[in-house]
Amino acid sequence: MSYRGLTAALATQHAKERAIAPAFAERLGLAVRVASSIDTDALGTFTGEVPRAGSMREAARAKARLGMQATGLPMGIASEGSFGPHPFMPFIAAGREMMIFIDVTRGLEVVEECVSETTNFAALELTEGADIEGFLDRAGFPSHALVLRRCGHITKGINDRAALESLLSAGRGEGWLETDMRAHVNPTRMAEIGKLAAKLAARIATPCPACAAPGFGTVRSEAGLPCAACETPTAQVRSLISGCALCGYEQSSARPDGRTAATPAECPECNP
């Protein structure tokens with residue numbers, strides 16, 4: 001099945017086409033049409049004025065389908081992100097990105113996601129003596145925009161030093177400076193979206209060994225990597241399971257890093 005010469009809708013109001021369109025064009029020959037009339041913020045905002053309803057996948061699916069409805073195209077792409085503490089590395093921030101591709105003609109829904117510590121996600125409480133200059137440097141300001149929360153008001157997209165100083169001097173009381181995580185004002189996040197788009201496009205280009213449908217790729221991992229000392233199964237990943245989004249065929253493969261045993265430090269018997 002080829003997507004060359006076809007077009008998919010992309011629901012975004014934050015210029016994500018800059019990162020997504022090149023990957024799909026290069027790998028699949030699939031063009032992207034932006035459904036610019038869609039208010040994707042209605043499905044949730046990073047700053048919390050509109051809470052995201054449901055899971056990341058449900059939000060991404062809703063965005064993609066809104067884009068398809070707006071353009072009349074049978075294929076849609078959308079992405080969703082969230083930011084917070086890294087799930088495995090303490091004291092490090094991480095970004096989780098998810099991207100979905102829907103093809104109603106073929107009955108396909110293909111999803112890829114990633115967790116990365118490559119993010120400037122951070123916040124600073126504006127207390128007396130707060131290191132504002134240090135925060136600006138870490139946040140990548142002004143190439144990366146900021147958000148100011150103060151007295152119940154939220155100002156987004158601050159990317160000018162004079163404007164920031166004016167806002168800080170005009171306000172009274174405590175507040176917060178935060179990184180603006182919207183893609184069009186956050187080059188670091190935009191780059192991560194581009195990497196995920198390339199990963200998703202590569203997956204769509206991979207046919208299922210059983211039915212040849214597009215989108216064959218990793219769907220989950222299985223724990224149980226044996227301890228090198230006593231062979232007790234551990235919580236470490238033993239294998240990856242790849243699957244088809246259409247027929248449900250699955251196959252197991254070894255860890256891509258070639259690791260075949262866990263260390264005794266990771267073992268519940270050797271290190272209880």
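Just so you know, residue 1 is the first one in the sequence shown, and it goes up from there.
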What heavy-atom pair brings [X] and [Y] nearest, and what distance separates the two atoms?
{"X": "Val115", "Y": "Ala94", "value": "CG1-CB, 4.2 Å"}
{"X": "Arg106", "Y": "Ser2", "value": "NH2-O, 3.6 Å"}
{"X": "Leu73", "Y": "Ala8", "value": "CD1-C, 3.8 Å"}
{"X": "Thr232", "Y": "Cys267", "value": "CB-SG, 3.9 Å"}
{"X": "Ala123", "Y": "Glu178", "value": "CB-CG, 3.9 Å"}
{"X": "Ala139", "Y": "Asn120", "value": "O-ND2, 2.8 Å"}

So which pairs with a foot in residues 126-144 pass salt bridge (Lys or Arg N to Asp or Glu O under 4.0 Å), sequence neighbours left out?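 The answer is Glu133-Arg161.
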At what distance, to the nearest 0.5 angstrom, does [atom1] of [X] lie from [atom2] of [Y]?
{"X": "Asn186", "Y": "Leu146", "atom1": "CG", "atom2": "CG", "answer": "10.0 Å"}
{"X": "Trp176", "Y": "Leu124", "atom1": "CH2", "atom2": "CG", "answer": "7.5 Å"}
{"X": "Leu28", "Y": "Phe101", "atom1": "CG", "atom2": "CZ", "answer": "7.5 Å"}
{"X": "Cys244", "Y": "Tyr249", "atom1": "SG", "atom2": "OH", "answer": "10.5 Å"}
{"X": "Glu97", "Y": "Ser116", "atom1": "CD", "atom2": "OG", "answer": "9.0 Å"}
{"X": "Ile158", "Y": "Phe141", "atom1": "CD1", "atom2": "CZ", "answer": "7.5 Å"}

Above 12 or not: heavy atoms from other molecules or residues under 6.0 Å from CD of Glu26?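 Result for CD/Glu26: open.
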Does atom CD of Glu231 have more than 12 heavy-atom neighbours from other groups under 6.0 Å away?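 Result for CD/Glu231: open.
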Is it the case that the side chains of His144 and Thr188 hold a donor-acceptor pair, with the cut-off being a distance below 3.5 Å and no angle test?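 Yes - a donor-acceptor pair under 3.5 Å links their side chains.
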Between [X] and [Y], does at least one N-O distance fall below 4.0 Å, as a salt bridge requires?
{"X": "Glu58", "Y": "Arg61", "value": "no"}
{"X": "Glu266", "Y": "Arg259", "value": "yes"}
{"X": "Arg255", "Y": "Asp257", "value": "yes"}

Shared hydrophobic cluster for Leu168 and Phe135 (ILVMFWY, side-chain gaps under 4.5 Å):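 Yes, because Leu168 and Phe135 connect within a single hydrophobic cluster, where side-chain heavy atoms sit under 4.5 Å apart.
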Linked, directly or transitively: Val111 and Val104 (ILVMFWY side chains, under 4.5 Å):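 Yes; tracing contacts between hydrophobic side chains, which count when under 4.5 Å, links both residues.
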Considering the options Glu80, Glu109, Glu113, which one meets the salt bridge (Lys or Arg N to Asp or Glu O under 4.0 Å) requirement together with Arg57?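 The option that passes is Glu109.
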Short question: side chain of Arg238, backbone of Glu222 - any donor-acceptor pair under 3.5 Å?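 Looks like no, no N/O pair under 3.5 Å.
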Side chains of residues 12-21: which donor-acceptor pairs under 3.5 Å do they make with residues two or more places apart or in other chains?
| residue | atom | partner | partner atom | Å |
| --- | --- | --- | --- | --- |
| Thr12 | OG1 | His14 | N | 3.0 |
| Gln13 | OE1 | Thr40 | N | 3.2 |
| Gln13 | NE2 | Asp41 | OD2 | 3.0 |
| Lys16 | NZ | Ser79 | O | 3.3 |
| Lys16 | NZ | Ser79 | OG | 2.8 |

